[in-house]
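Here the structure is laid out as structure tokens; the discussion comes afterwards.
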Amino acid sequence: MEIISYEDLRSIVKSGDVISIAALSTGNLPMEIFKYLAEQYDEHGETDNLTFIVSNDISDFDDGFDLDSFVSRGMVKRIITSLMVASPITVEAIKNNELEAYFLPQGIIATQYRNHSSSSPGMISKIGLNTVVDPRLYGGKMNDAAREDLVSLIEINDEEYLHYRFPKVDIALLRGTYADESGNIYMSHESHLGEGFSAASAVKSNGGKVIVQVKEVIEKGSFNPRDVFIPSELIDYVVVNKNPKYHKQVIQTYYDPALSGYHRISYSKEKFLELGARKIVLRRSAQFLKPKQTVSIGYGINNELSNVLREENADHLVKLNIDTGIFGGIIGSRNHFGMNYNLDARMRHDMTWDFIYNGGLDIAFLSFAEIDKSGNVNVSKFGERMNGSGGFIDISQTVKTLIFSGTMVVGSETRCKDGELMIDREGYSKKFVDSVQSMDFNAGYSRELGQDVYYVTERAVFQLSDSGIELIEIAPGLDLQKDVLGQMDFEPAISKDLKVISSELFLEKWGKLTQSIKK
């Protein structure tokens, strides 16, 4: 291991390199390395034609340095990721075919580094079959500039699999809290662990270079050897952060010891949700929970499920999981997104996908952008928005019970009054459509997998049957034709036992979730 200055990066990172980043949002993002690479490009005009492999969405959400910094300078040739929300310049470049873009399942990207050895044929998995990742559809290609086939369909023992072919990585740009004098990396202050170990291993197997940004270099033996996250043998270079602004633990703060598990907080800093459509959706969705279940909560509305469970004093009945490696605790949402406290455990990102792929989850709560008459779901593309699906495809193909949650119509204004739902103004875009723009969840394949699937909105609840979508519940106070069926591009099957959602869910105070879960 060699401690280098940021100026030395110029001779290490070269044009055409394939670069791995193991970060989420600001967490684990080696932003000061990004800063110097961008500034060196401004000065010398080198280090372009880069490929970035990023399993998750990354951004500074401020005036720092992230993917947009490289894309705006024309430094990027190709991006392989699962989710792209927080980098607007990059999104526009993808739309304009200014770079090649591949959106692949998050878990596949996080775990594929293990398959970079000469003895491995690459990543082979059923994850992604019959979705936009399947080469019979788009093979994960997000624009016309993406011409290379990274995903192929193969058959083993008469069963279909996808073969993912990732480029070999030349550079891993990683972040840790400390490096000791030998080069061992510790993640003491980080909010999550990421897949940096696996990325570093893959880079070394390819003869590449591993560069880690840390807060400080400490004396060897300062920590227990069991606390080493990446051993020195995998580290080539260490750079020491100069400006704390470029080494924030999460978006909201430079460092909070509770986010790293050094102590537990006595109460959440996040207020409970106000009564409205989102809260109604979450309350009804939560009624599908059973005691002791391990629960996956997805990005979007379901990130607020923890909020509702806490308000109802039901959070101790189940164990929440976020695929980045978070188990249990208080899960932050909205302005507290990424701020997770009182965790039972945190694991490496790639190891968490091992847990998920091997049946660790009982039930998953996922969002939707569109649902069609067959029950297929689009979460990644809506109008001009092109987000990617994150871990949606991985999770939706590995769990037994799926709850898709969201409001029924974009832009509608609703309120609750006397235990009923009132629609003050109708929305402008329907989410229940004849066919989805992106096949992120294939309902037919789900039936083959034997999954139980429900779709929960503030107006109605549907379930997936062999014939497609079936309406099973309607909110109190609504007109079936005008407020539900009239806001869908197709007419679903209607249960002979159509029920009215309990009016208690539409009151300011509920207090019945614990009872509902336990029954």
Side-chain angles (χ1 to χ4, degrees), residues 85 91 273-286 298-305 307-308 333-334 365-387 389 392 403-441 443 453-464 468-494 498 500-501 503 505-508:
V85 176
V91 171
L273 294 173
E274 294 182 1
L275 183 61
R278 292 175 72 87
K279 192 167 189 174
I280 298 304
V281 171
L282 290 165
R283 282 176 169 179
R284 179 62 190 93
S285 296
Y299 180 76
I301 184 173
N302 293 294
N303 194 242
E304 298 172 326
L305 181 63
N307 188 300
V308 170
S333 60
R334 293 173 289 164
F365 290 78
L366 302 170
S367 302
F368 65 85
E370 293 179 325
I371 298 168
D372 69 19
K373 56 188 176 184
S374 298
N376 303 314
V377 178
N378 162 30
V379 73
S380 65
K381 188 175 182 181
F382 195 46
E384 289 299 311
R385 298 187 65 177
M386 187 168 55
N387 299 337
S389 60
F392 178 97
I403 313 297
F404 294 109
S405 307
T407 55
M408 189 163 185
V409 183
V410 178
S412 61
E413 295 182 7
T414 61
R415 59 187 168 90
C416 300
K417 181 180 179 182
D418 300 327
E420 293 185 340
L421 183 66
M422 316 293 290
I423 300 175
D424 292 333
R425 189 174 74 177
E426 195 49 86
Y428 53 82
S429 181
K430 298 175 182 178
K431 293 185 179 180
F432 286 76
V433 297
D434 282 326
S435 66
V436 294
Q437 297 179 57
S438 180
M439 181 71 77
D440 300 316
F441 170 77
V453 182
Y454 297 90
Y455 310 83
V456 180
T457 76
E458 80 283 16
R459 304 188 192 195
V461 180
F462 304 83
Q463 69 178 5
L464 180 62
I469 290 282
E470 180 182 7
L471 174 64
I472 59 174
E473 296 177 19
I474 183 173
L478 296 188
D479 179 273
L480 174 60
Q481 183 59 49
K482 175 187 174 185
D483 300 323
V484 178
L485 301 181
Q487 304 309 316
M488 305 172 70
D489 284 344
F490 60 90
E491 185 161 335
I494 300 176
L498 180 64
V500 176
I501 301 173
S503 61
L505 272 68
F506 298 81
L507 299 176
E508 189 68 39

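Judged purely by distance below 3.5 Å, without hydrogens or angles, the side chains of Ser380 and Asp440 pair a donor atom with an acceptor atom.
Within the 3.5 Å criterion, the main-chain N or O of Leu273 finds a donor-acceptor partner in the side chain of Asn307. Lys431 places no side-chain N or O within 3.5 Å of a backbone atom of Val410 that could act as its donor or acceptor partner. Distance alone, capped at 3.5 Å, places no donor-acceptor pair between the Gln437 side chain and the Asn378 backbone. A distance-only check finds a donor-acceptor pair linking the side chain of Ser367 to the backbone of Tyr299 [under 3.5 Å]. Judged by distance alone, the side chain of Asn302 and the main-chain N or O of Leu366 form a donor-acceptor pair under 3.5 Å.
Not counting sequence neighbours, the partners of Ser333 by the side-chain hydrogen bond (donor to acceptor under 3.5 Å, both in side chains) test are Glu270. Judged as a side-chain hydrogen bond (donor to acceptor under 3.5 Å, both in side chains), and not counting sequence neighbours, Arg283 has no contacts. Residues satisfying the side-chain hydrogen bond (donor to acceptor under 3.5 Å, both in side chains) criterion with Ser285, sequence neighbours excluded, are Ser405. Annotation: side-chain hydrogen bond (donor to acceptor under 3.5 Å, both in side chains) contacts of Asp372 (sequence neighbours excluded): Asn376. Considering only residues two or more places apart in sequence or on other chains, Val500 meets the side-chain contact (heavy atoms from CB on, under 4.5 Å) condition with Ile474, Pro476.
Between Leu478 and Arg459, the shortest heavy-atom contact is CD1-CB, 3.6 Å. Nearest heavy-atom pair across Gln463 and Tyr455 is C-CE1, 4.1 Å. Scanning both residues, Phe462 and Met408, for their nearest heavy atoms gives CZ-CE, 4.1 Å. Heavy atoms only, all atoms of each residue included: Ala443 and Ser374 are closest at CB-O, 3.2 Å. For the pair Leu421 and Cys416, the tightest heavy-atom approach, listed with the atom from each and the gap, is CD1-SG, 4.4 Å. Nearest heavy atom pair, residue Gly375 against residue Leu464, reads CA-CD1, 4.1 Å.
To the nearest 0.5 Å, atoms OH (Tyr454) and CD1 (Ile403) are separated by 7.0 Å. Here the CD1 atom belonging to Ile280 is positioned 8.5 Å from the CG atom belonging to Leu507, to the nearest 0.5 angstrom. How far CD of Glu413 is from CG of Asp424: 7.0 Å, rounded to the nearest 0.5 Å. If you take CG on Asn387 and NZ on Lys381, they are separated by 11.5 Å, rounding to the nearest 0.5 Å.
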- request: List the steps, then state whether salt bridge (charged side-chain N to carboxylate O under 4.0 Å, His left out) holds for Arg334 with Glu304.
  value: CA-CA 8 Å; Arg334 293 173 289 164; Glu304 298 172 326; 3.4 Å; yes
- prompt: side chain to side chain contact (heavy atoms under 4.5 Å, CB included) between Val456 and Leu282: does it pass, once the steps are laid out?
  reply: CA-CA 8 Å; Val456 180; Leu282 290 165; over 6 Å; no
- request: Evaluate the side chain to side chain contact (heavy atoms under 4.5 Å, CB included) criterion for residues Phe368 and Val436: first the C-alpha distance (whole Å), next the side-chain angles of each, then the deciding distance (0.1 Å), finally the verdict.
  value: CA-CA 11 Å; Phe368 65 85; Val436 294; over 6 Å; no
Candidate pair Leu471 and Leu480, rule side chain to side chain contact (heavy atoms under 4.5 Å, CB included), full reasoning: CA-CA 10 Å; Leu471 174 64; Leu480 174 60; 3.5 Å; yes
Do any side-chain atoms of residues 482-492 form donor-acceptor pairs under 3.5 angstrom with protein atoms, and if so which ones, sequence neighbours left out?
from   : atom 1 : to     : atom 2 : distance (Å)
Asp483 : OD2    : Asp479 : N      : 2.8
Gln487 : NE2    : Lys482 : O      : 3.2

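The side-chain heavy atoms of Phe506 and Glu420, taken from C-beta on, include no pair separated by under 4.5 Å. The shortest distance between side-chain heavy atoms of Ile469 and Lys373 does not fall below 4.5 Å.
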